[in-house]
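What follows is a set of notes on a single structure, which appears directly below.
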Amino acid sequence: MLPLDFIRRHPDEVRRAARLKGETAPVDEILDLDRRWREATTRAERSRAEQNALSKEFARTREQALIPRMRELAESVKRSSAEADELRRRLDELLLVVPNVFHESVPVGETADDNVVVREWGTRPSFDFTPRTHYEIGEALDIMDFERASRVAGSRFAFLKGQGARLERALAQFMLDLHTREHGYVEVLAPFLVNTASMLGTANLPKFGEDAFRVEGHDLWLIPTAEVPVTNLHREEILDGARLPLNYVAYSPCFRSEAGAAGKDTRGYVRLHQFSKVELVKVVEPERSLAALEELTGHAEEVLRRLGLHYRVLVMCSGDLGFAQYKKYDLEAWCPGLGRYLEVSSCSVFNDFQARRANLRYRPAPGEPPRYVHTLNGSGLALARTIDAVLETYQRADGTVVVPEVLRPYMGGCELIGAA
RNA sequence: GGGGAGGUGGCUGAGCGGUCGAAAGCGCCCGCCUGCUAAGCGGGUAGGGGGUGUUGAGCUCCCUCGAGGGUUCGAAUCCCUCCCUUCCCGCCA
C-alpha cells in the first residue's frame with residue numbers, strides 16, 4: 001500500500017495513477033478519515049496522558065480523592081480511543097484498495113494494444129507444411145488429454161501423459177538449474193496454501209479474491225502463484241541489509257479461478273485452473289529496484305533463448321499494469337500453430353507497495369532505522385505455455401516433435417517425441 | 001484428535017498488579033586504553049503513531065511484551081476466547 005503521508009501530500013498524483021491504471025482510489029474519503037482520525041487520536045492521547053500522570057501520583061500518594069477523576073478519565077480514554085480505532089480501521093481498509101503509482105517510464109495507455117514492444121529475439125520459424133497447434137500435436141501424440149481431464153476435474157484442466165509429462169518436468173528442472181547455478185537464485189519449495197494475511201501482503205486481496213480458490217472451512221487459499229508464499233517468506237522481519245539482495249526461485253503449481261475470462265482461451269493448454277510455474281522473486285534495496293527489474297527480466301529471457309524460442313518483450317502500459325505494480329515487462333513466446341504470441345512471463349517491480357503490506361523491512365547498517373525493502377517477481381517461466389511454444393516451434397511434418405537440445409539431458413537423452 | 005510446556009527488544013532470557021518499554025547477557029554503534037589483533041573500561045542501542053518543527057536534527061505526547069476481549073483508578077503480570085510454536089500419545093504418506 002501507499003504510505004498515508006504520501007497520499008496526504010500528493011493526492012493528485014495518487015488519483016492520476018489510479019485513473020490511468022483504470023482503477024479507482026478513494027482519496028477524498030481517505031483524506032477525510034485521516035483528518036478525523038488524527039483529531040480523535042489527539043483527544044484520546046490527551047486524556048491518556050492525564051490518566052498516566054494521575055496514576056503515577058496515586059501509586060505514590062494513595063490519595064483517595066484522585067479516584068473520581070481517574071474513573072472519569074478511564075471512561076473518556078475508552079470512548080475517544082474507541083472512536084479513533086474505528087476511524088483507523090476504516091482508514092486501513094481504504095488504504096488497502098488504493099492502487100500503486102507507477103514509474104515515469106511506463107507508457108500511458110488503456111489496453112494491451114498500448115503496450116510497447118521493447119525488443120525481439122530470434123525470428124518466426126518457417127514450415128513447409130501448415131504448422132499445427134500444440135493441442136492438435138499433443139492429442140495426436142497422446143501426451144495431452146483435455147477430455148478426460150474435464151471429466152475428472154472440469155473444464156480448464158489437463159492431463160499431461162508420457163513424454164508430455166516428462167517434458168514439463170524437464171523444463172522445470174532445466175529452469176531451476178539455470179537460475180540456481182548461473183543466476184544466483186536460492187531454490188525454495190514453498191507452501192501451496194497460504195493464509196489471508198499473506199494474500200493481503202502481495203495484494204492479491206482484498207480486491208481480487210474472486211480470482212483465487214479458497215479452502216472451505218479454513219483460513220487458507222490455493223496460491224495463484226509462488227510469488228505469494230515466497231514474497232511473504234520474510235514477512236514481519238527486519239532483515240540485515242548485508243543479506244540483500246535476496247534471490248529466490250520456486251517451482252510450484254498455480255491455481256486460478258479465471259473468473260473474468262469466461263469464453264477466453266478455452267482451447268488448449270493455455271489458460272487453466274492449475275498450471276505450473278518457475279517463479280523468480282527478488283528482495284532488494286530501494287535504490288536498486290529498477291536495475292533489478294532489468295536483471296530479472298533478462299534471467300527469464302535467458303530461458304527462452306536457450307530453448308531457441310522466438311520471443312518479444314513488451315513494457316506494459318499504465319492500463320495493463322496490475323493494481324500493485326510499479327512497472328512490468330511481459331515476455332511473449334511465438335507459437336507458430338496458434339499463429340500468435342503467448343505470454344509466458346510477467347516481470348514486475350512493486351517498490352515498497354508489497355513490503356508495507358507484508359511489513360518486510362531491512363536495516364541498511366547497524367544502528368540505522370529500518371526501511372521497507374522493494375520486491376520484484378517474474379515467471380521464469382510459466383511451464384504450460386512454454387510447452388505450447390516448444391511443441392509448436394519444434395514440430396515436424398510427420399507429427400513428431402524435436403526435443404530442444406538443452407532439455408535432452410533432462411529427458412533421458414530423448415531427441416524426438418512421438419517417434420515410433 | 002487427546003494431554004503437557006511456552007509465545008517478552010536484532011538474539012538469548014528475567015519479570016508474575018503501580019517505582020516496567022521492561023533486569024542481565026549476547027550482538028551492534030561511539031569513545032578510551034593496549035605498538036597491531038584479541039581482551040579490558042565508559043557510554044549508547046526496540047518498533048510504530050500523533051502534535052510541533054526541521055527536512056532526512058530536535059522537542060513532546062501516545063501505543064505496542066502472540067492476537068482480541070474482560071477485571072481494575074492502574075495489566076507484560078489476573079480472567080476468557082483465539083492463533084502459533086514445541087514435547088508426549090494417537091492417527092497417517
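None of the values given here were measured: they were computed from a predicted structure. So that the names make sense, note that chain A is the first sequence line, chain B the second, and so on, each numbered from 1.
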Quiz prompt | Side chain proximity check, A:F146 to A:Y269, heavy atoms < 4.5 angstrom | solution =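 A side-chain contact exists here, since the closest heavy-atom pair is under 4.5 Å.
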
Quiz prompt | Note, A:T375 side chain near A:F353 side chain (heavy atom, < 4.5 Å) | solution =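 No, every pair of side-chain atoms sits at 4.5 Å or beyond.
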
Self-check item: Side-chain ion pair, A:R69 and A:E50, N-O less than 4.0 Å
Solution: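 Result for this pair is yes, salt bridge flagged.
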
Quiz item: If you find the nucleotide of RNA chain B closest to A:A44 and the one closest to A:K56, which residue's nucleotide is nearer the 5' end?
Solution: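 Taking each residue's closest nucleotide, the earlier one in sequence belongs to A:K56.
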
Quiz item: If you find the nucleotide of RNA chain B closest to A:R62 and the one closest to A:W37, which residue's nucleotide is nearer the 5' end?
Solution: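 The answer here is A:R62.
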
Quiz item: Nearest of B:C61, B:G47, B:G51 to any side-chain atom of A:R361?
Solution: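 Looking only at side-chain atoms, A:R361 lies closest to B:G47.
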
Exercise. Could you check which of B:G10, B:G50, B:C63 has an atom nearest any side-chain atom of A:R38?
Key: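 So the side chain of A:R38 is nearest to B:G50.
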
What contact category does [X] fall into here, base, sugar-phosphate, or nothing, at under 4.0 angstrom with non-hydrogen atoms?
| X | answer |
| --- | --- |
| A:T42 | sugar-phosphate |
| A:P370 | sugar-phosphate |
| A:R8 | sugar-phosphate |
| A:D240 | nothing |

Practice problem: Quick one: look up who B:A39 pairs with, Watson-Crick or G-U, both distances under 3.5 Å, and put none if it's unpaired. | Solution: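 Per the H-bond distance test, none.
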
Quiz prompt | Cation-pi check, A:R148 onto A:F159 ring (under 6.0 Å, within 45° of axis) | solution =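 Verdict for A:F159: no cation-pi partner in A:R148.
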
Quiz item: Using atom C1' of each nucleotide, how far apart are B:U64 and B:U77 to the nearest Å?
Solution: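 Each nucleotide's C1' atom is 16 Å from the other's.
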
